[in-house]
Enquirer: 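One structure follows; several queries about it will come next.
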Amino acid sequence: MKKRYEPGEIELKWQEIWAQKGKNIFSSRVSKTAPKFYCLEMFPYPSGKIHMGHVRNYAIGDVIARYKRMRGYNVLHPMGWDAFGLPAENAAIKEGVHPARWTHENIAYMKKQLVRLGLSYDWSRELATCLPEYYRWNQWFFIKMYEKGIAYRKASFVNWCPSCSTVLANEQVIEGKCWRCDSTVIQKELEQWFLRITAYQQELLDAADSLAGWPQKVVLMQKNWIGRSEGLEAMFRVEGSDESIVVFTTRADTLFGARFICLAPAHPLAEKFAEPGALAKIREHYGKVDEKHGLFTGRYAINPANGEKIPIYVANFVLMEYGTGAIMSVPAHDQRDFEFAQKYGLPVKVAVKPEGGEEIPEGKAFEEDGILADSGPFTGLKSAEARAKIAGFIEGKGMGRRMVNYRLRDWGISRQRYWGTPIPIIYCEHCGAVPVPEKDLPVILPEDVKFTGTGASPLAEAENFVNTVCPSCGGKARRETDTMDTFMDSSWYYVRYCSRKDEPALDKENLRYYMPVDQYVGGVEHAVLHLLYSRFFMRVIRDLGLSEVPEPFQRLLTQGMVCMETTRCPEHGWLYPSEAEGGVCAKCGRSVERGRTEKMSKSKRNVVDPDHLIKTYGADTARLFSLFAAPPENDLQWSEKGVEGAQRFILRVWAFIHDNMERLEAVKGQLPEGKSPLLRKTHQTIMRVTRDIEREYHFNTAIAAMMELVNTLTAFEPAESGPENREDLRQMRFAVEKMLLLLSPFCPHVAEELWEAIGMPASIRLESWPGYDEEAAREEEIELVIQVNGKVRTKIMVPHGLPDDELKTRAMALPRIQDAVAGRQVINIFAVKGKLVNIVIR
RNA sequence: GCCGGUGUGGUGGAACUGGCAGACGCGCCGGACUCAAAAUCCGGUGAGGGCAACCUCGUGGGGGUUCGACUCCCCCCACCGGCACCA
């Protein structure tokens, strides 16, 4: 064993060994006997290089995977690439590299980085979503959904840059302008494909409460996103017409306060009643959170509750996509309606008064519940009761019904982009939209296309691709040229992992064994979309009869962001850490401004390069610090000093074993026989580390416990000679072995190396997680805390397990306590769990 | 605006279901080693007071429940996150 710890050398050595013994060293096979554990981290977009967020994410997952293996689970721990997406296409436009090449080169580099981190993946299941053998299943799912009516086509608006004549993603629209040419982005209506996630909305909502292994925050975000609300649909007849307007309201109790009706600009009756030019003006303001604009149609509607005649407006703020596209406006009890009424000089009528009898505040709407006023037979009722009664009244008149509405919309998956899965649809002049037959899948994304960044999508101009024949009638036809949202790729990739590359995808037996994912780890930024789409997809998969599992992810861990202090030079702007050493700008020597700690980002330059980190300190240190500095769900503040501290810990372990090698070797294979503080500490440490990992993966405290054990070890002085010497050495060896086992999921390389160095024959990754003896972990003497009136007065050592009465007696007998109590009346004495006594005096 | 979360030393963070606040790490201070420095090792380190043993205060602020509150309840403040004309 070398005196010096050289992480680069030993890490490469072990990575080679792990890779060499066949590609299957961390691979999993379906087993009849072993329980499975599916550990998954969110797969990365191959942007070029991994960043510290990946390091943290994958370090967390790897500890879990390695720990569970040691606990005897058949662990499935796969990795792959979320390989379709916009950046590849942008690189093609900017640098002329083909997206495929760009993507594959990035994957190759990033895979090396992941291997270099010592992550224990089953690479036999590696996938890249941009490969036809993967995306053909996107297409297959699409067709199945089409057959079931879950995939459908309808017109909808997209962001359109008139100057580039191209469609823009939301994130490419910056303050209403095109990110590339700065022209104003407009809304253009296109026919697009949608997936009917709303068919599952109630199930997704109901089942959200069963996600016990998820952070409550994420569950809540999903519930809010689905946004269920119960209310009343009420029908307002239009005066002098056969038409009627149906509105949705959650506040049936305010029905008597309705002063006017507002239609969404896209409402069919808006079209019918409003003057086209004026309507077009209103439509310009639709969907924008600016001022409210309205247009009187000249028509009136009849309130079904009291027969009142109220005007009908068209208003820009009324959404066509929610409810019925029409609302009853109650300016007294809805702030938006109030603002609208103010602007157009419309009347306000109070229908609900505060319960306490206080005055309604001026100048705004009173939106709370209260007591009904001026509401015919319902006057005097409380809001909650009135809502039910009025709804029943309207229903009884056949003028409406109780309704549930959801905020959730169907999932638009069409993207006018090249680098994605082609939507497998063919448009025939005679037959219309025809799905590509299953036998013709995959529809291959052609590689020979031009990237201009303007005009139609490259795919639309690829004649060879577009022109085809109708699978139904054999006539001339054109292919759909839109591609799928990349969230489609990530909605089921965890299912693909259940089968190896050489096995058929979606194999039922594999799914039965491996699904659901037992532990999913990733960033909270996917709390809604990715995770909700996946839950939706899993239900579709269930309904296709491929799996019985509705929920894809049993447990979810959302790790916090990796943050770092920002530094700025007054002249040169944001600085990289290396440009701000010693607090001065490397370019001009001026002292830098220290900004706030923020999420690492290239734009702020507050980043640490994982390559550099690993080169300087090694993967074990990088992993250890990422896990030690904060609990996983918290944000982590990067600190170079902290990294050095993590390395120092590894160095101490190394040095200790190196310096005690002879002693450790002398007692190889021997077990300790007696009891001692060191043995107790060892058992306590195993207990703490196990508990901390099991209980919400608190790796930071688990590592702290290991540090304590190492501190105890380095302070341990074995007897110089005699039988005590042998026993002490046996205890020392015992502690060292257990400590290495505990350390191995966190710092696998150095653990392997030291395990080998102390003469253990097999790789440490094949060892079992150490057990502990609760008896042996128990302190023989405990420190009894003695309080007077809740304040600590003194502490004494007492044997473990004394009865409460004895503790009280001993506490009262202490001279210090006698002094404190002297002249006062003892009212009560509490003894708590054999470790604390509180004496209450007056 | 609505919903949710967080607030503990100089600092990152500990504290199991109401029972010793500050584990572990970083930083800082002192010491050893060294010609010297770095590295390493040892010791100290919440604030205030006292020669001392000890005492007082202290978990964003204010109140409450309790023998006892970082932990439970009410009000307020600050910061972070999600949603945002969803009727």
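Within every chain, numbering begins at 1; the chains are lettered A, B, ... in the order of the sequence lines, protein sequences first and strands thereafter.
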Enquirer: Below 4.0 angstrom from OP1 or OP2 of U40(B), is there any side-chain N or O of Arg648(A)?
Expert: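 Checking Arg648(A) against U40(B): at least one side-chain N or O falls below 4.0 Å of OP1 or OP2.
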Enquirer: Tell me which nucleotide among G19(B), A87(B), C42(B) gets nearest to the side chain of Asn838(A).
Expert: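 The answer is G19(B), which lies nearest to the side chain.
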Enquirer: Checking contacts here: which listed nucleotide (C20(B), G25(B), A87(B)) is nearest the side-chain heavy atoms of Lys795(A)?
Expert: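 When the side chain of Lys795(A) is considered, C20(B) is the closest of C20(B), G25(B), A87(B).
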Enquirer: Closer than 4.0 angstrom, basic N to acidic O: yes or no for Glu339(A) and Lys343(A)?
Expert: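 Looking at Glu339(A) and Lys343(A), the cut-off is not met.
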Enquirer: Starting from P on C85(B), measure out to CD on Glu321(A) and report it in whole angstrom.
Expert: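 My rounded result for the distance is 11 Å.
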Enquirer: Judged by each residue's nearest nucleotide on RNA chain B, which is more toward the 5′ side, Arg695(A) or Gln637(A)?
Expert: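 Looking at the nearest nucleotide for each, Gln637(A) comes out on the 5' side.
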Enquirer: Output yes when at least one side-chain N/O atom of Asn700(A) is less than 4.0 Å from OP1 or OP2 of A14(B), else no.
Expert: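 Looking at the OP1 and OP2 atoms of A14(B), one of them is under 4.0 Å from a side-chain N or O of Asn700(A).
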Enquirer: Using whole Å, report how far CG of Leu807(A) lies from C1' of C20(B).
Expert: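 One finds 15 Å between C1' of C20(B) and CG of Leu807(A), rounded.
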Enquirer: Is there, by distance only and without an angle test, a donor paired with an acceptor across the side chain of Lys292(A) and the base of C85(B) below 3.5 Å?
Expert: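 Yes, a donor-acceptor pair under 3.5 Å.
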Enquirer: Identify whether the distance between the nearest side-chain nitrogen and carboxylate oxygen of Glu230(A) and Arg402(A) falls below 4.0 Å.
Expert: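 Looking at Glu230(A) and Arg402(A), the cut-off is not met.
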Enquirer: Say we look at A84(B) and C16(B): how far apart would their C1' atoms be, to the nearest angstrom?
Expert: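 Taking atom C1' in both A84(B) and C16(B), they lie 40 Å apart.
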Enquirer: Verify the contact: side-chain N or O of Arg842(A) to OP1 or OP2 of C67(B), cut-off strictly under 4.0 Å; return yes or no.
Expert: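 Indeed not, no polar side-chain atom of Arg842(A) lies that close.
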Enquirer: Inspect the surroundings of NZ in Lys281(A) and state if more than 12 heavy atoms from other residues, nucleotides or ligands are less than 6.0 Å away.
Expert: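 At most 12 heavy atoms, drawn from other residues, nucleotides or ligands, come within 6.0 Å of this atom.
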Enquirer: Is the positively charged end of Lys292(A) above the ring of Phe340(A), judged by distance under 6.0 angstrom from the centroid and angle within 45° of the axis?
Expert: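 Output no; distance or angle outside limits.
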Enquirer: Rounded off to whole Å, could you give me the OH-to-C1' distance for the Tyr286(A) and A87(B) pair?
Expert: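 From Tyr286(A) OH to A87(B) C1': 13 Å.
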Enquirer: Between A36(B) and A15(B), how far is it from one P atom to the other, in whole Å?
Expert: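 It comes out at 44 Å once rounded to the nearest Å.
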Enquirer: Could you check if a side-chain atom of Val750(A) sits within less than 4.5 angstrom of a side-chain atom of Pro7(A), using non-hydrogen atoms only?
Expert: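 Side chain of Val750(A) against side chain of Pro7(A), heavy atoms only: no contact under 4.5 Å found.
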Enquirer: Can Glu780(A) and Arg680(A) be counted as an ion pair, charged N to O under 4.0 angstrom?
Expert: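 Salt bridge present between Glu780(A) and Arg680(A).
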Enquirer: At under 4.0 Å between heavy atoms, what does Ser639(A) touch on the DNA or RNA strands: base, sugar-phosphate, or nothing?
Expert: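 Here Ser639(A) touches no strand at all.
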Enquirer: Between P on G25(B) and CG on Leu636(A), what's the gap in Å once rounded to a whole number?
Expert: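 Taking CG of Leu636(A) and P of G25(B), I get 18 Å after rounding.
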Enquirer: Contact class for Gly645(A) (heavy atom, under 4.0 Å): base, sugar-phosphate, or nothing?
Expert: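 Counting heavy atoms under 4.0 Å across all strands, the contact made by Gly645(A) is with sugar-phosphate only.
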Enquirer: Just to be sure I understand the rule, does Ile327(A) reach a base, reach only the sugar-phosphate, or reach nothing, if contact means heavy atoms closer than 4.0 Å?
Expert: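 Since a base atom lies under 4.0 Å of Ile327(A), the category is base.
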Enquirer: As a test of reading the structure: which of C67(B), G13(B), C24(B) is closest to the side chain of Pro631(A), going by heavy atoms?
Expert: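 Selected nucleotide (nearest to the side chain): G13(B).
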Enquirer: Could you state the CE-C1' distance from Met706(A) to G25(B), rounded to the nearest angstrom?
Expert: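 So the CE-C1' distance, Met706(A) to G25(B), works out to 13 Å.
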Enquirer: Expressed in whole Å, how much space separates the P atoms belonging to G9(B) and G58(B)?
Expert: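 Comparing P positions in G9(B) and G58(B) gives a spacing of 14 Å.
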Enquirer: Say we look at C54(B) and A21(B): how far apart would their P atoms be, to the nearest angstrom?
Expert: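 That atom pair is separated by 15 Å.
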Enquirer: Tell me whether the side-chain N/O atoms of Asn711(A) come closer than 4.0 Å to OP1 or OP2 in A23(B).
Expert: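 No, Asn711(A) has no side-chain N/O under 4.0 Å of OP1/OP2 on A23(B).
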Enquirer: Between Asn606(A) and Thr566(A), do the side chains contain a donor N or O and an acceptor N or O under 3.5 Å apart?
Expert: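 There is no such pair between these side chains.
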Enquirer: Looking only at side-chain N and O atoms, does Ser329(A) come under 4.0 Å of OP1 or OP2 in A87(B)?
Expert: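 No, because none of the side-chain N or O atoms of Ser329(A) sits under 4.0 Å from OP1 or OP2 of A87(B).
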Enquirer: With a cut-off of less than 4.0 Å, is there a side-chain N or O of Lys791(A) near OP1 or OP2 of C57(B)?
Expert: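 Looking at the OP1 and OP2 atoms of C57(B), one of them is under 4.0 Å from a side-chain N or O of Lys791(A).
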Enquirer: Which of these nucleotides, C24(B), C20(B), C85(B), is closest to any side-chain atom of Val785(A)?
Expert: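 Within the option list, the nearest is C20(B).
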Enquirer: If you pin Gly790(A) and Ala630(A) to their nearest nucleotides in RNA chain B, which one's is more 5'?
Expert: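 Here Ala630(A) is the residue nearer the 5' end.
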Enquirer: Which nucleotide wins on minimum distance to the side chain of Asn316(A), given the candidates C83(B), C85(B), A87(B)?
Expert: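 Shortest atom-to-atom distance from the side chain points to C85(B).
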Enquirer: Given C55(B), is OP1 or OP2 found less than 4.0 Å from the side-chain N or O atoms of Arg816(A)?
Expert: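 Looking at the OP1 and OP2 atoms of C55(B), one of them is under 4.0 Å from a side-chain N or O of Arg816(A).
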Enquirer: Would one find a side-chain N or O of Arg688(A) under 4.0 angstrom from OP1 or OP2 of C24(B)?
Expert: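 The answer is no; no side-chain N or O of Arg688(A) sits under 4.0 Å from OP1 or OP2.
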Enquirer: When you measure from the side chain of Arg793(A), which nucleotide among A15(B), C55(B), G25(B) comes out closest?
Expert: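 Of A15(B), C55(B), G25(B), C55(B) is nearest to the side chain of Arg793(A).
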Enquirer: Using the P atoms only, state how far U59(B) lies from A52(B), rounded to an integer number of Å.
Expert: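 That atom pair is separated by 26 Å.
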Enquirer: Using atom C1' in both nucleotides, what's the gap between G61(B) and C77(B) to the nearest angstrom?
Expert: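 It comes out at 7 Å once rounded to the nearest Å.
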Enquirer: Expressed in whole Å, how much space separates the C1' atoms belonging to A14(B) and G4(B)?
Expert: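 Their C1' atoms lie roughly 25 Å apart.
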Enquirer: NA contact type, Asn828(A), heavy-atom cut-off 4.0 Å: base, sugar-phosphate, or nothing?
Expert: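 Nothing: the residue Asn828(A), judged by heavy atoms under 4.0 Å, touches no strand.
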Enquirer: Mind checking whether Lys349(A) and Phe256(A) have side chains closer than 4.5 Å, heavy atoms only?
Expert: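 Side chain of Lys349(A) against side chain of Phe256(A), heavy atoms only: contact under 4.5 Å found.
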Enquirer: Asp334(A) has an atom CG; how far is it from atom C1' of C2(B), in whole Å?
Expert: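 The answer, rounded to whole Å, is 13 Å.
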Enquirer: Expected output check: what is the dot-bracket annotation of RNA chain B, where ( ) and [ ] are pairs inside the strand (brackets for crossing ones), | is paired with another strand, and pairs are Watson-Crick or G-U under 3.5 Å?
Expert: (((((((..(((......[....)))((((((.......))))))((((....))))..(((((..]....))))))))))))....
Enquirer: Syn or anti for G9(B), please, going by whether the chi angle lies within 90° of 0.
Expert: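 It is syn.
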Enquirer: Between C80(B), G19(B), A23(B), which nucleotide has the shortest distance from any of its atoms to the side chain of Gln787(A)?
Expert: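 So the nucleotide nearest the side chain must be G19(B).
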Enquirer: Which listed nucleotide (C67(B), C83(B), A87(B)) is nearest to the side chain of Arg407(A)?
Expert: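 The listed nucleotide nearest to Arg407(A)'s side chain is C83(B).
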Enquirer: Identify whether the distance between the nearest side-chain nitrogen and carboxylate oxygen of Asp635(A) and Lys599(A) falls below 4.0 Å.
Expert: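 Salt bridge between Asp635(A) and Lys599(A), a charged N being under 4.0 Å from a carboxylate O: no.
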Enquirer: What is the nucleic acid contact for Val318(A), judged by heavy atoms within less than 4.0 Å: base, sugar-phosphate only, or nothing?
Expert: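 Touches a base.
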Enquirer: What's the closest nucleotide to the Glu783(A) side chain, out of A87(B), C3(B), C20(B)?
Expert: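 Side chain of Glu783(A) sits closest to C20(B).
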Enquirer: How is Lys217(A) classified with respect to the nucleic acid when contacts are heavy atoms under 4.0 Å: base, sugar-phosphate, or nothing?
Expert: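 Lys217(A): no heavy atom of the nucleic acid under 4.0 Å.
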Enquirer: Looking at every non-hydrogen atom in both residues, tell me the closest pair between Thr558(A) and Pro215(A) and how far apart they are.
Expert: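 In terms of heavy atoms, the two residues are closest at OG1-CG, 3.6 Å.
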Enquirer: Choose from C20(B), C42(B), C3(B) the nucleotide whose nearest atom is closest to any side-chain atom of Arg652(A).
Expert: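 The closest nucleotide is C42(B).
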Enquirer: Please measure how far the C1' atom in U71(B) lies from the corresponding atom in G18(B), and state the result in whole Å.
Expert: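 It works out to 7 Å between them.
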Enquirer: Starting at atom CZ of Phe649(A), determine the distance to atom P of G12(B), rounded to an integer number of angstrom.
Expert: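 About 23 Å, once rounded to whole Å.
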Enquirer: Compute whether any side-chain donor of one residue and acceptor of the other, for Tyr5(A) and Thr621(A), lie under 3.5 angstrom apart.
Expert: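 Absent: no donor and acceptor within the cut-off.
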Enquirer: Say whether Arg407(A) and Asn224(A), considering side chains only, have a donor N or O and an acceptor N or O under 3.5 Å apart.
Expert: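 Checked: Arg407(A)/Asn224(A) side chains show no N/O donor-acceptor pair below 3.5 Å.
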Enquirer: Using whole Å, what does the distance between atom P of nucleotide G5(B) and atom CD of Gln559(A) come to?
Expert: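 In whole Å, G5(B) P and Gln559(A) CD are 21 Å from each other.
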